[in-house]
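Letters go in sequence order (proteins before strands), and every chain restarts at 1.
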Amino acid sequence: MQDLFGGDVSPIIDGLNDAQREAVTAPPGHVLVLAGAGSGKTRVLTHRLAWLMAVERASPFSIMAVTFTNKAAAEMRSRIERLVDVPVRAMWVGTFHGIAHRLLRQHWQEANLPQSFQILDSEDQHRLIRRVLKNLDLDEDRWPPRQVQGFINGCKDEGKRPQHMADTGDYSRSQLISIYAAYEEHCQRAGVVDFAELLLRAHELCRDNESILQHYRRRFRYLLVDEFQDTNALQYAWIRLLAGETGQVFVVGDDDQSIYSWRGAQVGNILSFTKDFPGALTVRLEQNYRSTSRILKAANALIANNSGRMGKELWTEGNQGEPIELYAAFSGYDEVHHVLGRIRTWMDQGGRRDEIAILYRSNAMSRLFEEALLREDIPYRVYGGLRFFERAEIKDALAYLRLLRNRHDDPAFERVVNTPTRGIGNTTVDKIRGLARAQNIALWQAAGILGEDGLPPRAASAVKGFMALVDAMDEATRDKVLSEIIDHVIQASGLIEMADKEGGEKGQARKENLEELVNAARGYERLPEDGAEIDEDMPELDPLTAFLTHAALEAGEHQGEAWDDCVQLMTLHSAKGLEFPMVFMVGMEEGLFPHQRSSEQPEGLEEERRLCYVGMTRAMQKLHLSHAETRRLHGSETYCSPSRFIRELPSELLNEIRPQIQVSRPVSQKQYGQRGGYGGYGNYGRNKQETYGGGGLPPGMQETTIGGLKLGQRVSHPKFGEGVVLNFEGEGSRARVQVNFSDAGSKWLVVGYAKLEAI
DNA sequence: TTACGCTTAAACTTG
DNA sequence: TTAAGCGTAA
């Protein structure tokens with residue numbers, strides 16, 4: 001390899017701080033980089049790659065860099081390209097799944113897969129599991145498909161096959177194992193693999209095949225892993241396997257940002273790393289280039305409440321910035337109102353909308369904000385939701401395409417056998433399923449048999465018609481390019497017509513999506529897939545299979561760019577890795593955040609705290625926290641106490657903002673947004689400890705009384721028991737109070753009639 | 001086959 | 001509250 005920098009490595013190490021430089025220039029061997037939020041982790045990763053090539057004379061062919069998302073992989077690739085002038089395409093840079101997939105394509109025979117195997121996404125997997133349950137005659141109430149799915153994926157994530165799982169005598173466990181086994185059989189016969197299977201097969205392929213293992217061990221001398229705290233048992237095992245005795249492993253992660261344990265990630269892998277790779281150098285990146293020091297201090301203080309950390313404290317050379325604003329809203333609506341006010345102020349001061357992010361714990365919380373933003377004509381974008389390749393009409397089209405390649409693809413068959421409807425009803429499909437099961441053959445084969453004999457004439461001809469249609473589409477598209485194939489299929493299958501007939505906005509959108517699929521294919525024809533082509537031992541994949549794979553592995557960006565100039569709305573989880581000048585963390589309430597279902601076990605609570613830490617460290621300049629005292633949850637009004645995480649922040653870093661109370665102020669949607677109603681903001685931030693301590697009442701609300709009752713007052717009612725006064729409405733004899741009873745829930749009562757007693 | 005009404009449950013999510 | 005899934009009726 002020629003000298004990339006003419007002997008001058010300064011472009012690689014200039015501008016790095018000491019810790020970053022230590023990691024980038026580490027001598028040959030293993031390295032664990034504990035990279036705090038905003039500490040330049042991607043930078044370190046890419047510069048390390050450049051260093052390896054420039055100084056260690058590593059060939060791009062000898063490098064594998066693994067990430068979790070396509071976005072991260074793309075980002076890494078482009079940054080390396082900018083940094084060094086080498087054929088980046090020769091490097092294997094990709095997601096765990098992408099790389100595993102690549103291995104399996106290359107060694108499909110050894111992996112015991114058909115050459116054009118297809119990938120099941122989680123929806124496909126779910127459907128297939130339901131079918132397997134039906135086949136086994138198991139009740140879905142007893143064996144909820146989602147749980148079965150979780151079980152199977154969990155097993156695979158730990159590298160376990162059904163045949164290797166010990167029967168512990170536990171009935172439901174052994175039953176689950178047999179479901180797993182049956183599911184696997186179906187997949188194998190249909191020639192499909194789910195996401196977890198990609199990883200498991202790739203691992204087994206390497207583990208059980210000495211020559212393949214040796215080949216890749218010799219090839220990949222340098223293994224780099226991003227977001228190492230998110231790796232599961234299998235991914236880590238695979239890295240260890242590939243590394244062997246000779247590979248050098250460089251991992252970057254942050255134990256404090258581990259928020260995916262629920263999907264199999266094991267933070268423990270970070271701890272194990274130094275044991276599994278003796279002599280590994282550990283480098284901590286603690287200097288933060290993103291946030292103000294106030295924000296960092298608060299985040300540090302919060303995360304210090306967790307136990308078993310590797311230990312890290314973020315700091316910055318930057319200024320301390322503005323205080324963190326804390327707003328205690330009356331209600332969810334009030335919270336929204338406050339946030340919108342702050343957004344307007346930000347924009348009045350010349351800020352941009354895409355510098356603003358509203359972060360919440362659960363998706364349902366976006367609604368109130370969306371409604372308000374819509375009303376105020378403020379452009380916004382919500383992250384998450386359905387992605388392009390996950391749309392029903394797109395998946396229908398892809399299912400036809402899958403059938404073209406492989407008639408035995410049962411999930412695809414099931415999906416489109418009667419889409420659009422062609423008179424093959426459930427009864428008929430059930431017969432096909434029954435025969436397929438009895439003879440252990442694919443649905444397509446069973447349909448072929450029944451089409452000849454065993455069905456009423458009408459159904460038989462419908463089935464034969466369907467099969468003829470698929471065959472005809474196959475025939476007609478033999479020498480066509482990808483986009484023409486797809487165009488033909490969406491026409492001939494009747495999917496376009498179906499969307500047309502559906503009519504309305506929905507049907508129109510479906511039609512446009514189908515047309516967009518043809519466009520996507522056209523674009524894909526020109527675009528060589530992520531560098532795979534350069535690799536001489538990668539066999540050329542036929543374009544259709546490649547496209548289907550692309551659709552499965554990159555279902556269309558979720559984490560896309562910030563589009564125009566939009567306020568960004570997303571969950572705390574999807575905010576990981578992003579940064580924004582101004583961040584709102586809303587719904588900071590016990591039960592919501594930390595979420596009810598997490599706060600029961602200590603580990604769950606610590607993960608929630610890490611999530612909070614992730615959220616706070618997204619903010620560059622200005623961080624807003626807010627919680628509401630009442631919130632409509634699942635349709636009923638609930639009283640909410642502030643999140644414990646708020647209490648864990650040093651009060652001197654916070655600026656507590658309170659709405660000014662007006663007497664007889666109903667909290668209703670109508671009221672919201674009418675006027676500036678809150679008459680300015682007071683700062684009551686001094687003695688918040690006692691305020692929040694008992695989930696009691698904020699100062700500033702104390703004056704408001706009706707009939708001897710005040711907000712926050714504990715009262716008792718002869719029938720409903722004890723509760724807390726939340727709200728007032730009306731005056732005189734019409735005056736009503738809202739009381740949240742500990743047993744009976746929240747009720748509106750007329751003060752004059754209800755026999756309420758102050759306690 | 002479709003459409004409507006009922007029941008149920010309600011985190012986070014990448015490939 | 002709302003959305004999805006399911007069973008029944010047309």
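E371(A) has its CD atom 8 Å from the P atom of dT2(C), to the nearest Å. Taking atom CZ on R597(A) and atom P on dA10(B), their separation rounds to 6 Å, with Å as the unit. When rounded to the nearest whole Å, the span between CZ of R127(A) and C1' of dG5(C) equals 13 Å. The CG atom of L553(A) sits 20 Å away from the P atom of dT13(B) (whole-angstrom rounding). Between the P atom of dA3(C) and the CG atom of L633(A) lies a distance of 16 Å, rounded to the nearest Å. The separation between D226(A) atom CG and dG15(B) atom C1' is 15 Å, rounded to whole Å. Residue F96(A) contributes atom CZ, which lies 17 Å from atom C1' of dT13(B) at whole-angstrom precision. Atom CG in L133(A) sits roughly 12 Å away from atom P in dC6(C) (whole-Å rounding).
Using a 4.0 Å heavy-atom criterion, one finds that R422(A) contacts no nucleic acid atom at all. Residue L359(A) is out of contact with every strand shown, counting any heavy-atom pair closer than 4.0 Å. Contact annotation for F68(A): backbone-only contact, meaning every heavy-atom pair under 4.0 Å involves sugar-phosphate atoms and none involves a base.
Distances shown here put a side-chain N or O of T421(A) below 4.0 Å from the OP1 or OP2 atom of dT2(B). Look at R387(A) and you'll find a side-chain N or O under 4.0 angstrom from OP1 or OP2 of dG15(B). The side chain of H97(A) contributes no N or O atom lying less than 4.0 Å from OP1 or OP2 of dG15(B). The side chain of R263(A) places no N or O atom within less than 4.0 Å of a non-bridging phosphate oxygen (OP1 or OP2) of dC12(B). Residue N418(A) has a polar side-chain atom (N or O) positioned under 4.0 Å from OP1 or OP2 of dT1(B). Considering only side-chain N and O atoms, S574(A) lies under 4.0 angstrom from the phosphate OP1 or OP2 of dT13(B).
For the 3.5 Å distance criterion, the side chains of Q125(A) and E123(A) fail to qualify, holding no donor opposite an acceptor. Inspection of the E335(A) and S626(A) side chains reveals an N or O donor paired with an N or O acceptor under 3.5 Å.
A tilted orientation is assigned to the rings of H573(A) and Y260(A), their planes being inclined by 30° to 60°.
A distance-only check finds no donor-acceptor pair linking the side chain of S331(A) to the backbone of T630(A) [under 3.5 Å].
Partner of T549(A) under the side chain to side chain donor-acceptor pair (under 3.5 Å) criterion, out of R105(A), E554(A), Q118(A): R105(A) alone.
In this structure, R610(A) fails the cation-pi test against Y613(A), since its NZ or CZ atom is not both closer than 6.0 Å to the six-membered ring centre and inside 45 degrees of the ring normal.
In terms of position along DNA chain B, the nucleotide closest to A364(A) lies nearer the 5' end than the nucleotide closest to the other residue of the pair A364(A) and N70(A). Nearer the 5' end of DNA chain B, as judged by each residue's closest nucleotide, is the contact made by N426(A), out of E608(A) and N426(A).
For the C1' atom pair drawn from dG5(C) and dC12(B), the interatomic distance equals 22 Å after rounding to whole Å. A gap of 16 Å separates the P atoms of dA4(C) and dT13(B), to the nearest Å.
Nearest nucleotide to the R361(A) side chain, out of dC6(C), dG15(B), dC12(B): dC12(B). Counting only heavy atoms from C-beta on, Y260(A) has its side chain closest to dT13(B) among dC6(C), dT13(B), dA10(B). Checked against dC6(C), dG15(B), dC12(B), the side chain of T571(A) finds its nearest nucleotide in dC12(B). Looking at the side chain of R632(A), the nearest of the listed nucleotides dT1(C), dG15(B), dT13(B) is dT1(C). Of the candidate nucleotides dT1(C), dT13(B), dG15(B), dT13(B) has the atom lying nearest to any side-chain atom of N363(A). For R367(A), taking side-chain heavy atoms from C-beta onward, the closest of the listed nucleotides dT1(C), dG15(B), dT2(B) is dT1(C).
Side chains of F228(A) and I270(A) form a contact here, defined as non-hydrogen atoms less than 4.5 Å apart.
The base of dA11(B) sits with one of its N or O atoms less than 3.5 Å from a complementary donor or acceptor on the side chain of S598(A).
Judged by centroid separation below 5.5 Å and plane tilt below 30°, W262(A) stacks onto the base of dC12(B).
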